[in-house]
Protein chains: 2
Amino acid sequence: MESVPHIAVVDDHRDIRDLVGKYLTQQGYRISVAESGSALRRLLERNAPDLIILDIMMPGEDGLSVCRQLRRSTELPIIFLTAMADDTDRIIGLELGADDYLIKPFNPRELLARIRAVLRRVNSLPPQREMPKAKTISFERWSLDVGRRELLGGDGVGVPLSTAEFRLLKAFLEHPGMVLSRDQLMDLTVGRSADSFDRSIDNQVSRLRKKVEVDPKNPSIIKTHWGGGYSLCAEVERA
Amino acid sequence: MESVPHIAVVDDHRDIRDLVGKYLTQQGYRISVAESGSALRRLLERNAPDLIILDIMMPGEDGLSVCRQLRRSTELPIIFLTAMADDTDRIIGLELGADDYLIKPFNPRELLARIRAVLRRVNSLPPQREMPKAKTISFERWSLDVGRRELLGGDGVGVPLSTAEFRLLKAFLEHPGMVLSRDQLMDLTVGRSADSFDRSIDNQVSRLRKKVEVDPKNPSIIKTHWGGGYSLCAEVERA
DNA sequence: TTGGTACGGCACAACTCTGCGACAAACCGC
DNA sequence: GCGGTTTGTCGCAGAGTTGTGCCGTACCAA
């Protein structure tokens with residue numbers, strides 16, 4: 001989570017999703033919403049969040065079973081946010097592997113504080129001894145050092161990236177080959193949706209191409225899909 | 001944490017200590033009790049627990065300041081257990097770096113569930129290898145004497161560092177090359193999270209640069225990453 | 001070919017983020 | 001408590017980045 005933490009809000013009530021989503025967006029988080037467990041699973045496939053806020057009482061699959069299932073495969077932090085007020089419910093929720101449990105009606109600032117507490121714990125980075133960096137993603141003749149936010153050329157020369165460029169490139173590298181619409185790219189980089197005549201992504205792509213492509217006029221790495229978006233066209237290797 | 005988790009219970013009321021202690025012992029934990037912040041500190045020296053349960057309202061030093069102080073030096077999980085029921089109190093507690101917050105009167109089973117949730121998270125974390133305690137860390141033409149909290153120049157001249165400066169520098173030296181966000185730096189230095197308009201880190205960086213950089217206006221050791229944070233840009237060597 | 005739309009790139013304006021001096025609040029040893 | 005030190009806040013100036021307008025070009029559908 002080098003950029004903006006990404007939080008998924010799962011609740012069958014639109015107003016709650018909107019409320020929580022809006023508040024957390026305001027607080028600088030990137031938000032995805034889902035109205036059911038299956039919607040959450042679709043979301044996970046596309047774009048895994050750093051934390052999940054989960055309602056319990058939902059029609060169909062309930063939050064507890066969603067949690068149980070998530071825990072089988074992941075360690076994603078989960079915070080229950082629900083109207084069930086009974087001690088026992090809280091205990092069951094926590095026993096299922098949730099990280100925290102907050103009761104509706106809730107104070108948004110408390111939700112925020114709890115989110116931060118959980119993320120703080122999850123992200124606490126262990127001290128590193130050496131410079132050799134952990135996570136780098138290689139493609140073509142480049143390698144992106146995610147921790148250091150630096151793009152290294154095959155010749156070992158570093159190209160400085162701006163924040164937006166870094167996020168954009170990271171978004172591409174995390175979805176290699178996939179055609180990403182401007183809207184998705186906006187979502188992945190700044191966490192807001194593009195209004196219809198937004199050309200900012202085009203611009204960022206252009207800027208990024210200038211740094212990454214051999215011949216920016218004839219891009220070979222970041223391909224344009226007319227009317228669709230862009231895609232990264234390269235073998236990527238994570239190390 | 002080898003086999004049995006060790007939990008410290010800090011509360012000025014004997015009955016609470018006994019109650020919680022007994023219950024948790026029954027549940028298979030190893031318990032230590034302390035009736036005040038200073039008692040806790042003595043306990044920490046002898047035998048560090050895996051988790052601390054902390055009351056807020058205590059005569060003398062209150063739980064919040066105990067928490068603040070603990071966070072400066074450790075990442076020990078802390079759960080507040082207290083009668084203060086106000087939202088705001090909870091938020092403050094969590095912002096100070098606590099992991100959870102439970103209100104008296106409480107259901108022991110909920111306490112247990114929350115303890116488990118926190119420990120589960122902590123233990124599932126990175127292999128959290130203990131860093132061999134280095135006495136001094138060298139970089140560029142400096143060496144930091146960690147024990148004496150003193151910065152020695154190549155010419156043997158010592159530069160005094162304030163506490164915050166020392167912590168900041170240490171944080172950088174322990175994560176060389178990494179881009180650290182203000183939030184992470186807050187975490188690493190004072191153990192609390194930064195609210196969005198916090199500029200204190202900028203200031204500390206500025207102050208530190210004045211002591212460390214050859215030309216503070218054109219920093220070469222502590223680099224700024226626009227929109228991202230700061231990073232230490234130097235070979236470090238631990239001894 | 002022609003019209004309509006989407007994209008590329010340039011340049012500039014607006015904006016956001018940062019550096020840092022100054023000040024005030026908090027802290028600390030006495 | 002008291003004076004010195006340290007640390008957080010405010011505010012402004014300056015730096016760097018990002019979005020927008022514009023126009024030329026590429027692409028698609030008749």
Side-chain angles (χ1 to χ4, degrees), chain A residues 3-4 26 28 149 159-169 171 179-183 185-186 189-213 215-231, chain B residues 61-62 64-65 68-69 71-72 95-96 149-151 159-169 171 179-183 185-186 189-213 215-231:
Chain A
S3 33
V4 182
Q26 220 175 309
R149 299 200 170 198
V159 176
L161 293 177
S162 79
T163 320
E165 287 159 358
F166 170 75
R167 289 197 188 142
L168 184 61
L169 181 55
V179 178
L180 299 166
S181 71
R182 275 153 245 271
D183 224 8
L185 288 169
M186 279 302 259
T189 53
V190 282
R192 81 184 130 81
S193 53
D195 26 16
S196 23
F197 283 121
D198 205 329
R199 301 290 311 285
S200 57
I201 287 290
D202 301 53
N203 224 317
Q204 292 299 358
V205 169
S206 166
R207 284 172 176 139
L208 189 52
R209 276 176 177 158
K210 265 186 232 163
K211 297 194 175 175
V212 165
E213 299 278 359
D215 175 11
K217 302 264 179 186
N218 293 63
S220 67
I221 300 180
I222 301 175
K223 251 172 49 182
T224 303
H225 293 256
W226 210 88
Y230 300 93
S231 73
Chain B
E61 193 177 13
D62 89 350
L64 294 174
S65 82
R68 196 178 308 129
Q69 208 157 5
R71 271 290 168 276
R72 295 205 170 136
E95 286 293 330
L96 276 180
R149 308 205 152 190
E150 204 185 25
L151 187 61
V159 176
L161 292 178
S162 78
T163 322
E165 287 160 357
F166 169 76
R167 290 208 189 106
L168 185 61
L169 182 55
V179 176
L180 300 168
S181 70
R182 276 154 243 271
D183 227 359
L185 288 169
M186 280 300 258
T189 53
V190 285
R192 87 182 128 83
S193 46
D195 46 27
S196 17
F197 291 119
D198 207 325
R199 302 288 310 284
S200 56
I201 289 291
D202 301 51
N203 248 304
Q204 293 299 356
V205 168
S206 170
R207 285 167 180 146
L208 188 53
R209 275 177 178 158
K210 267 187 230 162
K211 297 194 176 177
V212 165
E213 298 277 359
D215 175 10
K217 301 267 177 185
N218 293 62
S220 67
I221 300 180
I222 301 175
K223 248 174 43 183
T224 302
H225 292 254
W226 208 90
Y230 300 92
S231 74

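Values below: all heavy atoms of this structure, side chains included; hydrogens, waters and symmetry mates excluded. Proteins get letters first, then strands, A, B, ... in listed order; numbering begins at 1 in each.
Residue A/K210 places at least one side-chain N or O under 4.0 Å from the OP1 or OP2 atom of C/dC10. Using a 4.0 Å cut-off, no side-chain N or O of A/K217 falls inside it from OP1 or OP2 of D/dG24. For the OP1/OP2 pair of C/dC10 and a distance below 4.0 Å, the side-chain nitrogens and oxygens of A/S206 include no atom meeting the criterion. Within the structure, every side-chain polar atom (N or O) of B/Y230 is placed at least 4.0 Å from both OP1 and OP2 of C/dC17.
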Can you give me the N/O atom pairs linking the protein to nucleotides 28-30 of chain C at distances under 3.5 Å, or say none if there are none?
none

Taking only nitrogen or oxygen atoms into account, show me every contact under 3.5 Å that the protein makes with nucleotides 18-22 of chain D, one pair per line with its distance.
unit_1 : atom_1 : unit_2 : atom_2 : d
D/dT18 : OP1    : A/A164 : N      : 2.8
D/dT18 : OP2    : A/S162 : OG     : 2.6
D/dG19 : OP1    : A/R192 : NH2    : 3.3
D/dG19 : OP2    : A/Q204 : NE2    : 3.3
D/dG19 : O6     : A/R207 : NH2    : 2.7
D/dT20 : OP2    : A/D198 : OD1    : 3.3
D/dT20 : O4     : A/N203 : ND2    : 2.2

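Between B/I222 atom CD1 and C/dC20 atom C1' the separation is 15 Å, expressed in whole Å. Put simply, CZ on A/R149 is 12 Å from P on D/dT17, counting in whole angstrom units. Distance A/L180 CG to C/dC7 P: 14 Å, rounded to the nearest Å. In this entry the distance linking CZ of B/R167 with C1' of D/dT7 reads 11 Å, nearest Å. One atom, CG of B/N218, and another, C1' of C/dG19, lie 12 Å apart when rounded to the nearest Å. One can place CG of A/D202 at 18 Å from P of D/dT25, the figure rounded to the nearest angstrom. When the C1' atom of D/dG8 is taken as reference, atom CD of B/E95 falls 16 Å away, rounded to whole Å. The CD atom of B/E213 sits 17 Å away from the P atom of C/dT18 (whole-angstrom rounding).
For the pair A/R207 and A/E165, the salt-bridge criterion is not met [side-chain N within less than 4.0 Å of a carboxylate O].
A distance of 12.0 Å separates CG of B/N203 from CG of B/L208, quoted to the nearest 0.5 Å. Taking CG of A/L169 as the start and OG1 of A/T189 as the end, the distance is 12.0 Å to the nearest 0.5 Å. Distance check, rounded to the nearest 0.5 Å: CG of B/L168 to OH of B/Y230 gives 9.5 Å. Taking CZ of B/R167 as the start and OG of B/S162 as the end, the distance is 9.0 Å to the nearest 0.5 Å.
Scanning both residues, A/S231 and A/V179, for their nearest heavy atoms gives CB-CA, 3.9 Å. Here the closest non-hydrogen pair linking B/S200 and B/D198 is OG-OD1, 2.9 Å.
Listed for the B/S65 side chain is no donor-acceptor partner under 3.5 Å among the backbone atoms of B/E61. For the pair B/R209 (side chain) and B/I222 (backbone), a donor-acceptor distance under 3.5 Å is present. When atom types are taken as modelled, the side chain of A/T163 and the backbone of B/W226 share a donor-acceptor pair closer than 3.5 angstrom. Within the 3.5 Å criterion, the main-chain N or O of B/P160 finds a donor-acceptor partner in the side chain of B/K211. Side-chain atoms of A/E213 never come within 3.5 Å of backbone atoms of A/K210 as a donor-acceptor pair (strictly under, hydrogens ignored).
Residue contacts for B/F166: at a heavy-atom cut-off of 4.0 Å it reaches no nucleic acid atom on any strand shown. Nucleic acid contact class of B/R182 (heavy atoms, under 4.0 Å, all strands): sugar-phosphate only.
For B/R209 and B/R68, each mapped to the nucleotide of DNA chain C holding its nearest heavy atom, the one lying further toward the 5' end belongs to B/R209.
Across the helix from C/dT1-D/dA30 to C/dC30-D/dG1, the helix axis at one end is tilted relative to the axis at the other end by 60° (nearest 10 degrees, each axis from five pairs).
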